[in-house]
2 protein chains.
Amino acid sequence: MNKAEEDYVKMIYEMAVLTGEPYVKTADLAEQFGYSVQSVNEMIKKLHQKELVDFRPYKGVCLTEGGRREALRMIRAHRLWEVFLSERLGLAWEALHEEAEMLEHATSEAVLERLYDYLGRPAVCNHGNPIPDAEGNIARPASRPLYETHAGDCFRILRVQDYKPLLAYLSQRNIKLHDVLTVHDKDHFGGILTVEHLGLKHAFAKHIAQMVYGEVLSSTRLKK
Amino acid sequence: MNKAEEDYVKMIYEMAVLTGEPYVKTADLAEQFGYSVQSVNEMIKKLHQKELVDFRPYKGVCLTEGGRREALRMIRAHRLWEVFLSERLGLAWEALHEEAEMLEHATSEAVLERLYDYLGRPAVCNHGNPIPDAEGNIARPASRPLYETHAGDCFRILRVQDYKPLLAYLSQRNIKLHDVLTVHDKDHFGGILTVEHLGLKHAFAKHIAQMVYGEVLSSTRLKK
DNA sequence: CCTGTAATTAAGGTATGCCTTAAAACTAGA
DNA sequence: TCTAGTTTTAAGGCATACCTTAATTACAGG
């Protein structure tokens with residue numbers, strides 16, 4: 001697999017996890033990559049020939065067992081490098097993703113396994129996402145999206161999507177992993193969630209609040 | 001610069017150092033890469049447009065100041081990764097080069113500088129080659145080629161070319177950096193140098209003995 | 001100086017991975 | 001069922017970085 005193919009299987013895996021649907025639509029892939037639908041179709045055809053994906057016209061693509069293994073290898077490399085870059089080199093939180101994105105394509109299995117041991121066999125990356133083991137097993141995090149909280153909830157951030165604009169967004173507001181937010185208000189119609197963090201109020205759009213996961217610590221709201 | 005361009009400027013730099021000539025011939029580059037001369041010419045034209053090299057027809061290419069800086073950046077990345085892979089991950093000596101070759105193209109300046117500090121600002125890589133500093137200054141090693149020794153010399157290996165077949169060759173014979181060789185015989189006509197190492201005799205062809213550098217510790221031979 | 005060899009340039013080709021435009025095939029809602 | 005809109009396929013293009021074959025240009029030794 002070359003870089004392009006690696007990016008595709010990884011993206012297909014991540015989008016499938018995010019939507020909960022094993023099949024990912026061609027058009028959605030195109031949108032995520034910023035590529036044309038035609039380009040994505042061509043690549044899907046190629047990945048299918050390599051038996052990395054199963055393609056059902058008008059339904060989408062789904063990773064084969066081989067494709068899933070490759071995707072998890074990339075994710076493993078990505079998250080292990082993030083841990084290294086953060087824990088050992090002290091790189092800024094919002095810079096981790098981009099750097100790991102480059103390194104993940106330049107890492108052999110041998111280096112990966114040694115890096116894993118060197119870092120103390122970490123279970124999660126610096127964005128709280130689980131690191132698959134060498135066999136392709138990955139923990140399913142129990143945390144819930146911030147968007148599913150209610151006014152009055154105290155919410156501890158345990159995990160955020162590894163998505164550059166989101167990291168920049170949170171970083172800019174000085175919001176970090178394990179920080180606690182107090183949900184002030186949830187506007188269901190507008191989709192805006194207002195939270196308090198270190199005395200400051202922040203308005204999170206729905207798509208933002210859906211990429212932040214954690215646990216509700218306590219709630220002042222009345223249970224129904 | 002993309003990977004191909006990075007490989008070219010690095011190769012031009014290394015060949016210039018090796019030959020002592022600032023200008024590197026198109027045909028020699030082609031041979032080293034295993035590419036056709038035409039392909040090399042095309043890339044030289046491109047590098048010239050980017051002002052990374054100076055091209056004198058029938059003479060060769062020479063790095064510009066910008067090109068030299070880029071080449072040293074790649075060499076810096078390569079050698080720092082080698083130190084990391086060896087010192088921290090415990091990778092085998094002969095595996096370092098290949099792994100570093102991939103990582104060097106995936107490393108930003110920011111990561112490089114932090115890695116440098118993390119590794120304790122090393123002066124040389126695990127093959128004994130000097131690591132350039134962030135400003136592009138590089139030490140000129142004083143060691144002499146093994147091929148210039150004479151029968152009876154005791155020779156300590158301080159540096160070897162970072163060239164995969166050579167590393168495999170030495171590794172296979174269990175010869176490592178800082179080991180001491182006793183020169184048994186030098187056949188000037190045939191170019192074979194016979195050395196003793198840990199009680200075993202090895203015959204080194206000229207081109208091999210020219211890629212191994214070190215210092216003569218003592219000599220049993222009579223000075224002229 | 002002149003000719004053979006080496007180096008360069010030219011012309012056309014391949015694979016990869018992206019693009020646009022257009023036609024064809026399918027799905028799903030009215 | 002039938003059509004509107006989505007999805008797929010087809011056809012042709014572009015850039016990169018390699019390739020081969022062939023023509024041209026320059027250098028250097030006799």
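Being a predicted model, the structure only gives us computed values, none of them experimental. A, B, ... follow the sequence lines: proteins, then strands. Residue 1 opens every chain.
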Over how many whole Å does the gap from [X] atom [atom1] to [N] atom [atom2] extend?
| X | N | atom1 | atom2 | value |
| --- | --- | --- | --- | --- |
| B/K45 | D/dC18 | NZ | P | 15 Å |
| B/N41 | D/dC18 | CG | C1' | 14 Å |
| B/L29 | D/dC18 | CG | P | 12 Å |
| B/K59 | D/dA28 | NZ | C1' | 16 Å |
| A/K25 | D/dT8 | NZ | C1' | 12 Å |
| A/H48 | D/dT8 | NE2 | C1' | 14 Å |
| A/E42 | D/dT9 | CD | C1' | 10 Å |
| B/Y23 | C/dT8 | OH | C1' | 17 Å |

Do side-chain atoms of [X] reach the backbone of [Y] as a donor and acceptor pair under 3.5 angstrom?
| X | Y | answer |
| --- | --- | --- |
| B/S86 | B/E82 | no |
| A/R76 | A/I131 | no |
| A/W93 | A/N126 | yes |
| B/R79 | B/P130 | yes |
| B/S39 | B/Y35 | no |

Going by number, which of residues 3-21 of chain A have a non-hydrogen atom under 4.0 Å from DNA chain C? A/A4, A/Y8
Mind checking [X] for me? I need base, sugar-phosphate or nothing, with any heavy atom below 4.0 Å counting as a touch.
| X | answer |
| --- | --- |
| B/T26 | sugar-phosphate |
| B/G60 | nothing |
| A/F55 | sugar-phosphate |

State whether the distance check finds a donor on one side and an acceptor on the other, under 3.5 Å, for side chain A/Q38 versus base C/dC18. no
Evaluate the ring planes of A/W81 and B/W81, with Trp represented by its six-membered ring, and classify them as parallel (under 30°), tilted (30 to 60°) or perpendicular (over 60°). perpendicular
Going by the angle between their ring planes, with limits at 30° and 60°, are B/F84 and A/Y118 parallel, tilted or perpendicular? perpendicular
So, taking the atom named CD in A/E65 and the one named CG in A/L52, what distance separates them when rounded to the nearest 0.5 Å? 11.5 Å
Produce a footprint string for nucleotides 22-30 of chain C: one letter per nucleotide, 5' end first; B if the base is under 4.0 Å from any protein heavy atom, S if only the sugar-phosphate is, - if neither. ---BSS---
Which one, D/dT7, D/dC18, C/dT16, comes nearest to the side chain of A/N2? C/dT16
Is A/Q210 close to A/Q161 at the side-chain level, that is, under 4.5 Å between some pair of heavy atoms? no
Hey, does the side chain of B/S36 come within less than 4.0 Å of D/dC19's phosphate (OP1/OP2), counting only N and O? yes
